[in-house]
Each structure stands twice: as C-alpha cells, then as structure tokens.
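Read the structure below first, then the notes.
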There are 2 protein chains.
Amino acid sequence: MATNFDNYFKSAFTVDNVIFGFDEGDLKVLLIKRGEEPHIGEWALPGYFVRTDEDLDTAAQRVLSELTGLTNVYLEQVHTFGSVNRHDFGRVITISYFSLIKIANYTIQPSSIALQAQWHTVNDLQHLAFDHDAILEACLQRLKWLVKTRPVGFELLPPKFTLTELQHLYEAILRRDLDKRNFRKKILSMNLLVDCAETQEGVAHRPAKLYKFDRKRYNKLVAQGFNFELKESRLAHKKDLPEASMSHL
Amino acid sequence: MATNFDNYFKSAFTVDNVIFGFDEGDLKVLLIKRGEEPHIGEWALPGYFVRTDEDLDTAAQRVLSELTGLTNVYLEQVHTFGSVNRHDFGRVITISYFSLIKIANYTIQPSSIALQAQWHTVNDLQHLAFDHDAILEACLQRLKWLVKTRPVGFELLPPKFTLTELQHLYEAILRRDLDKRNFRKKILSMNLLVDCAETQEGVAHRPAKLYKFDRKRYNKLVAQGFNFELKESRLAHKKDLPEASMSHL
DNA sequence: GCAATTAGTGTAAAAAATGCACTAAGCCCC
DNA sequence: GGGGCTTAGTGCATTTTTTACACTAATTGC
C-alpha cells in the first residue's frame with residue numbers, strides 16, 4: 001500500500017491482548033512464553049503486528065482467534081503504549097486490548113504461538129516481558145471499572161452458573177470480599193438472571209440453583225440507557241480499603 | 001533511527017488533541033481550519049505527526065503548546081483510531097488526547113497552525129474533517145466520566161470562581177440541569193474549596209462569593225485513595241434522562 | 001426607593017446501603 | 001440410617017445518601 005507520507009514519520013504497530021478468563025475462583029490471564037529474542041523465555045501478552053491493510057480491532061480479533069479459536073467475544077481497546085524505548089529492536093507502538101472469554105470454550109490451537117500459551121492466575125504473576133506489566137495493570141483497572149458499570153460477568157462464566165460463582169468472580173475482579181445477602185439482593189434486583197430450574201450436581205453439599213444471563217433483556221436495557229452502576233461500596237461487606245471508608249463523598 | 005522491522009508493518013501515526021475550554025457558560029473546543037488537502041477548508045482537531053524519537057504524551061504536549069503556549073495542563077490519552085481508510089492519503093493511525101485549559105490563559109501563538117485556530121461551542125458544531133467527529137465524541141464521553149470521578153473543574157475555570165460558575169460548568173459537561181442547593185451541599189462537603197473572602201465585582205445583582213480550589217488538599221486526598229465519585233443522579237434536579245430514572249440499580 | 005436580578009440557605013421524605021445469624025439441603029462416612 | 005460436614009439460601013433494622021422544594025438577602029440601575 002502506497003502512502004504520501006515520508007518514512008520519517010512511520011512506526012511499527014502491534015496489538016497486545018490481555019485475555020481474561022475465570023477458573024477455580026481465580027481471575028486468569030493467557031500468556032505466551034517467548035521463544036525468541038528479545039526477552040526470550042519470559043512470559044508476555046499475546047500480540048502481533050497490525051497489517052497495514054487491517055483495522056486495529058480486526059487485528060486484535062485475529063490475535064485472539066489464532067490463539068484461542070474463539071470469535072465473537074467481548075473485546076475492548078484500552079490504551080496505547082508508545083514509549084520510544086519500550087521495544088529493544090526499534091520503535092514499536094502497541095495498542096492494548098482486553099477480552100473476556102469462557103475458559104471452558106477455549107481449545108488450544110495448532111498455531112506455533114498457541115502451543116506456548118498458558119493460563120496464569122493474575123494474583124501471582126512474575127514480571128512480564130517488555131512493558132507488559134503496565135499493560136496488564138491498565139487492563140485490570142479497566143475491567144474493574146467495567147464490572148462496576150455493566151454486568152459483564154457472564155462473558156467469563158459458563159452459560160449456567162450459581163450465584164456463589166458469580167460472587168466469587170466479582171470478588172476476584174474487585175479484590176474484596178462481598179456480603180452474600182447484599183450481593184444477591186443487588187444482582188437479582190437487576191432482573192437479568194433467569195432461574196434455570198436446575199441445580200448443581202456432584203457437589204458434596206447442598207446444591208445451588210443454576211442461573212443464566214438473559215442477554216436479550218440485557219441488550220434491551222442497555223439500548224434504553226440503563227445504567228448498571230455497582231459502586232464498589234454498594235456490595236461491600238467490610239470497609240477494608242481506605243477508599244471505601246471515605247466513599248460517602 | 002534504525003529498526004529491524006520490515007516496512008510492511010509500518011504506518012504513519014499522529015496525535016489529535018481535543019482541547020477543551022469553558023467560557024460564557026459553554027463548553028468549547030479549539031479547532032483548526034484546514035489550509036490544505038485533504039478536507040481543505042473544513043474544521044479539524046489540532047494534531048500532528050509524532051516524531052519517531054518522541055513519546056506519545058510528549059507529542060500531544062507539543063501540539064498543545066505550539067497552539068496555545070500552555071504547558072503543565074491536564075492532558076490524558078483517550079483512544080486510538082486506526083481504520084484503514086480514515087485518512088485519504090494513506091494509512092494514518094491517530095492517538096487521541098484531550099486537555100483542559102483555562103481560556104483566559106490562552107494566547108494565540110505565532111505558528112502558522114495557530115493562526116487558523118478558533119474556539120467553537122461544543123453544542124453547535126458542524127461536521128469535522130476526517131473521523132474527528134468520532135474522536136470528539138469519545139473525548140466528550142471521557143470528560144463526562146472524569147468530571148463525575150474527580151473534581152477537575154478547576155482546570156477549566158479561572159483561579160477564583162463562584163459556585164454558580166462551577167455549577168454551570170458541570171451542567172455544560174453533563175448536559176443536564178442540577179439543583180442549586182444539592183450541588184452546593186455536595187461540592188462543599190468535599191472540603192476542597194477555599195473561601196477567598198472576596199466577592200464578585202461589577203455585576204448588577206447580589207455579588208457572589210469567590211472560591212478557589214485547594215490543589216494541595218486535592219493532591220493529598222487523591223494520594224490517600226479518596227474517591228470523588230459524583231454520580232450523575234446525585235446532582236440531578238429533575239429526572240430528565242431515561243437512565244436517571246433507573247439509577248437505583 | 002423600588003424593580004430586577006442572582007446569591008444563598010434547611011428540612012423532610014424516600015431510596016439505597018449496610019451489617020448481621022440462622023435454617024435448609026445434600027453428601028459422606030461410620 | 002444417623003450424624004457431621006459443607007455450602008445454599010434467606011429478612012430485617014439501622015444508617016447513610018439522595019432527592020425535592022421556596023423563600024430571604026444583597027446589590028445595581030432606574
């Protein structure tokens with residue numbers, strides 16, 4: 001593709017994708033073990049160059065589906081990182097995205113990049129390659145905000161889930177404990193959950209009811225300008241964070 | 001600067017800056033009348049190519065100061081727009097920023113770009129060049145969110161201001177009327193305003209007290225994790241938006 | 001001094017958030 | 001088959017926050 005712009009102004013562009021999943025009560029992120037320099041052997045976010053004839057969102061989707069086989073998942077641009085020296089081999093500007101997927105739907109792809117992919121629990125990560133620590137942090141902040149603003153939880157959960165699973169998901173993202181009764185009251189008052197009239201099986205205790213999200217109803221409410229604001233403090237059990245204790249402002 | 005990356009992956013990139021100001025009760029944005037193709041004669045956001053040895057934030061600051069002579073103002077990255085066909089002459093990816101300035105401090109600069117600059121009231125804008133309508137809209141949304149989250153109003157107001165001026169600023173950004181008593185109660189309860197012990201002069205009615213923001217106190221509170229959340233509905237006078245009427249969720 | 005204009009102030013009612021503890025249902029093991 | 005273990009599920013009273021609302025105060029200009 002020919003352009004009229006002098007090469008002086010050009011740069012390489014990549015997308016980096018923070019792929020979140022939820023499993024065993026933990027928020028997870030899918031990382032790649034780098035097989036080449038620079039930062040060989042280190043864990044990094046999956047990403048790749050943006051082709052010159054490819055839109056940014058398309059590139060992010062491509063990275064995601066090459067890695068996970070999934071399309072049609074929640075995907076959102078977060079921030080662009082472009083420090084002159086962030087890449088060892090020259091200037092590379094990266095546009096970061098995050099996506100939310102159901103780990104159960106994830107199937108390892110035969111691509112060379114995917115073979116080195118592994119889920120990591122967000123809470124016990126080592127240092128990542130390049131400036132990927134900062135990218136991940138930005139995406140975590142965005143996810144935290146998102147979850148308080150829109151009920152996106154169902155993007156990370158299997159189609160049928162229990163209220164306790166949903167609560168654990170919120171707790172993992174918000175990094176705080178929530179009160180069970182208040183959480184249920186709030187979530188059910190949104191009228192977005194449908195009782196499947198089924199219960200859990202194979203658990204060594206009282207089985208919980210299964211719910212699913214009514215995505216139609218959700219879309220309708222969003223279209224009407226419905227706001228799902230869940231203030232952090234609204235679901236709080238204890239004032240265990242300094243900001244919470246001043247939330248009356 | 002040499003890189004190891006094939007030219008195939010490279011693209012031109014710019015920063016575009018939505019510079020907000022506030023004057024005569026209206027939210028304003030500083031636009032440039034384009035003097036060259038493409039889109040000659042149309043109004044556009046000020047922006048320019050990012051130098052290959054320049055960080056993105058630095059480039060945005062440079063655009064701002066070349067245009068307004070101002071440094072040290074509120075500046076924040078918003079979103080990156082990179083549709084393949086957004087620029088007529090080739091692929092150009094643009095990273096958008098917005099900044100908040102005090103119009104009174106603005107002095108027209110002798111640069112050629114600044115000579116074509118003009119303030120426009122956000123509420124009655126025509127179509128802008130390129131995809132700048134979308135960029136402006138994204139920045140407006142971000143500003144709306146910001147103003148509900150942090151008391152950034154003082155970035156747009158003169159050092160001394162009345163509570164009514166501050167309220168008008170909020171109303172312009174949130175695009176809704178607010179109740180005077182509730183607004184004052186909420187703002188003053190934040191303990192961020194200092195009474196200057198002065199009053200307005202030269203007005204044909206009861207003069208209002210002048211206040212200023214205590215930036216030191218603000219910084220201290222932010223550092224402590226203080227959250228300035230101002231739900232839209234919290235300052236509402238009337239439920240004039242559909243979302244407000246369902247804000248109990 | 002009076003008309004016009006904007007500043008400034010309090011309270012009561014409704015809604016939302018919070019804190020808290022017991023019973024229910026199923027599994028497992030003996 | 002009974003008792004222990006584990007997690008599910010549920011209500012209410014208190015506190016905090018939000019909301020709605022109308023009059024008096026101070027100044028200018030005529």
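Here is the naming used below: chain letters follow the sequence lines, and residue numbers restart at 1 for every chain.
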Check the distance between D:dA8's C1' and A:Asp195's CG and give it to me in whole angstrom. 13 Å

Aromatic ring centroids of A:Phe228 and A:Phe226 under 6.0 Å? yes

Rounded to whole angstrom units, what separation is found between the CG atom of A:Asp179 and the C1' atom of D:dA8? 14 Å

Mind calculating the distance between CG (A:Asp177) and P (C:dG19) to the nearest angstrom? 12 Å

Whole Å only: how far is the CD atom of B:Glu229 from the C1' atom of D:dT16? 15 Å

By side chain to side chain contact (heavy atoms under 4.5 Å, CB included), A:Asp57 pairs with (sequence neighbours left out) A:Tyr97

Intermediate values then yes/no, ring pair (Phe, Tyr, Trp, His ring centres under 6.0 Å), B:Phe161 and B:Phe154: CA-CA 9 Å; B:Phe161 52 87; B:Phe154 61 95; 8.5 Å; no

Which part of the nucleic acid, if any, lies within contact of B:Lys209, taking any heavy atom under 4.0 Å across all strands shown: a base, the sugar-phosphate backbone alone, or nothing? sugar-phosphate

Give, for atom CG of A:Leu169 and atom CG of A:Asp23, the distance between the pair rounded to the nearest 0.5 Å. 11.5 Å

All ring-ring contact (aromatic ring centres under 6.0 Å, His included) counterparts of A:His168, not counting sequence neighbours: none

Members of residues 164-172 of chain B that approach DNA chain C, where some heavy atom sits under 4.0 Å away: B:Thr164

Roughly, in whole Å, what's the span from CD in B:Glu201 to P in C:dA7? 16 Å

Nearest-Å distance, CD1 (A:Ile187) to C1' (D:dT10)? 17 Å

Only pairs under 3.5 Å count here: list side-chain donor-acceptor contacts from residues 203-215 of chain A, not counting sequence neighbours, and write none if there are none.
unit_1, atom_1, unit_2, atom_2, d
A:Lys209, NZ, A:Asp195, OD2, 3.3
A:Asp214, OD1, A:Lys216, N, 3.3
A:Asp214, OD1, A:Arg217, N, 3.2

Whole Å only: how far is the CG atom of A:Leu163 from the C1' atom of D:dT10? 12 Å

Would you kindly check whether a donor in the side chain of B:Lys185 faces an acceptor in the base of C:dT11, or vice versa, at under 3.5 angstrom? yes

Partner of A:Lys160 under side-chain hydrogen bond (donor to acceptor under 3.5 Å, both in side chains), picked from A:Glu165, A:Glu198, A:Gln200, is A:Glu198

5'-most by nearest nucleotide on DNA chain D - A:Tyr211 or B:Arg181: A:Tyr211

According to salt bridge (Lys or Arg N to Asp or Glu O under 4.0 Å), who are the partners of B:Arg142, at least two apart in sequence or on a separate chain? B:Glu76

Spacing of A:Leu156 atom CG and A:Leu143 atom CG [to the nearest 0.5 Å]: 7.0 Å

Take atom CG of A:Asn182 and atom P of D:dT14, then tell me their distance rounded to the nearest Å. 16 Å

For nucleotides 22-30 of chain C, give me one character per nucleotide, 5' to 3': B if any protein heavy atom sits under 4.0 Å from the base, S if the only such contacts are to the sugar-phosphate, - if neither. --BBBS---

